[in-house]
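Each residue takes its place number in the sequence, starting with 1.
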Amino acid sequence: MTTYVITHKQFNYPLPTGYRPILVGAVKNANPDHYLADNEGDNISIKNPSFCELTGLYWMWKHTTDATVGLAHYRRYFSKYPSRGKMYLATLLKGQVRPVAEAELAALLNTYDWIVAEPEAGGPGTVKEQFAANHNLVDLDVTRQVIQELSPEVLPAFDEIMGRHVTSFYNMFYTSREELVAYCEWLFKVLFEVERRTDISSYSAYQQRLYGFLAERLLNVWLVYRHAKVKYLAEYQTDQLNRHYALDRFKRKLRSAD
């Protein structure tokens with residue numbers, strides 16, 4: 001049982017038992033604390049600027065044997081709460097929340113296939129419209145075409161997700177080894193072909209993170225395709241969540257309800 005914590009730099013957030021840091025982009029990034037590194041063995045570390053945390057995911061797929069496995073970020077973790085509202089309330093009462101215990105995540109897999117972040121909107125409109133507002137829609141169209149050619153059985157799930165208004169972001173999850181392998185075999189087959197057909201050389205550094213952005217949507221596609229039993233947990237950002245932030249979220253929710 002391990003949750004791998006993706007990072008591109010040294011960090012000092014206290015991790016619970018069962019959480020292990022892995023340095024991504026390790027082919028270029030310094031590793032003074034000797035974290036696990038995504039440039040060991042079979043790897044795609046060099047692709048980190050465009051694949052983001054997926055270079056860590058690829059390494060996890062190729063080099064780990066945990067019966068249950070998860071992905072978090074050095075400043076973003078799952079809480080134990082099923083909704084952001086409950087997480088914000090806990091923050092107001094306790095002052096902070098902590099990453100959900102590895103044992104609790106593993107226990108949830110007795111009932112569920114996947115644990116992912118509570119869905120949210122990435123802007124107004126459908127998931128497809130949100131992508132178009134923030135990125136290059138042509139790249140999403142290329143992705144759909146690749147799925148249609150390589151795994152047409154997944155296409156209805158893709159179209160369903162694109163028509164929704166909320167989705168789970170951050171490429172965060174917890175699942176079984178078997179589910180991880182099946183997902184990664186499909187995901188990287190699709191993304192490597194999308195990469196071959198797209199040109200991001202003129203994109204800004206932010207927009208060059210394209211394949212990480214696509215994967216955030218594709219995880220949801222995979223879950224629909226697999227008819228997975230999904231447990232949603234509220235995630236939080238360590239440098240953001242405090243009583244002041246939680247109170248502000250509650251005030252915004254009240255204003256939007258007026």
Item checked: Residue list, salt bridge (Lys or Arg N to Asp or Glu O under 4.0 Å) with Arg144, at least two apart or on another chain ->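 Once residues adjacent in sequence are excluded, the partners of Arg144 under the salt bridge (Lys or Arg N to Asp or Glu O under 4.0 Å) criterion are Asp159.
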
Note to self: The criterion is salt bridge (Lys or Arg N to Asp or Glu O under 4.0 Å); which residues satisfy it with Lys47, sequence neighbours excluded?
What the structure shows: Glu195

Next item on the list: Name the orientation class of the two ring planes belonging to Trp186 and Tyr183 (parallel below 30°, tilted from 30 to 60°, perpendicular beyond 60°).
Entry: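 Trp186 vs Tyr183 ring planes: tilted.
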
Notebook entry, point to check: Can you check whether Arg84's main-chain N or O pairs, donor with acceptor, with Glu118's side chain at less than 3.5 Å?
Noted result: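 Such a contact is found between Glu118 side chain and Arg84 backbone.
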
Notebook entry, point to check: Between Arg217 and Phe213, is there a donor-acceptor pair closer than 3.5 Å when you use the side chain of the first and the backbone of the second?
Noted result: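 It does hold such a pair.
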
Check: Centres of the Tyr13 and Tyr77 rings: under 6.0 Å?
Finding: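 Yes, they do, as the ring centres are separated by less than 6.0 Å.
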
May I ask you to check whether [X] and [Y] show a side-chain donor-acceptor distance below 3.5 Å?
X: His135; Y: Gln207; answer: yes
X: Asp139; Y: Tyr203; answer: yes
X: Tyr174; Y: Thr68; answer: yes

Note to self: Could you walk me through whether Lys189 and Glu193 satisfy the salt bridge (Lys or Arg N to Asp or Glu O under 4.0 Å) test, starting with their C-alpha distance in whole Å, then the side-chain angles of each, then the deciding distance to 0.1 Å, before giving a yes or no?
What the structure shows: CA-CA 7 Å; Lys189 177 179 70 173; Glu193 181 59 22; over 6 Å; no

Item checked: Step-by-step side-chain hydrogen bond (donor to acceptor under 3.5 Å, both in side chains) determination, Thr64 to Arg177 -> CA-CA 9 Å; Thr64 67; Arg177 176 71 188 173; 3.1 Å; yes

Margin query: Evaluate Glu216 against Arg209 for salt bridge (Lys or Arg N to Asp or Glu O under 4.0 Å), listing each step before the verdict.
Written below: CA-CA 11 Å; Glu216 289 183 286; Arg209 295 159 60 182; over 6 Å; no

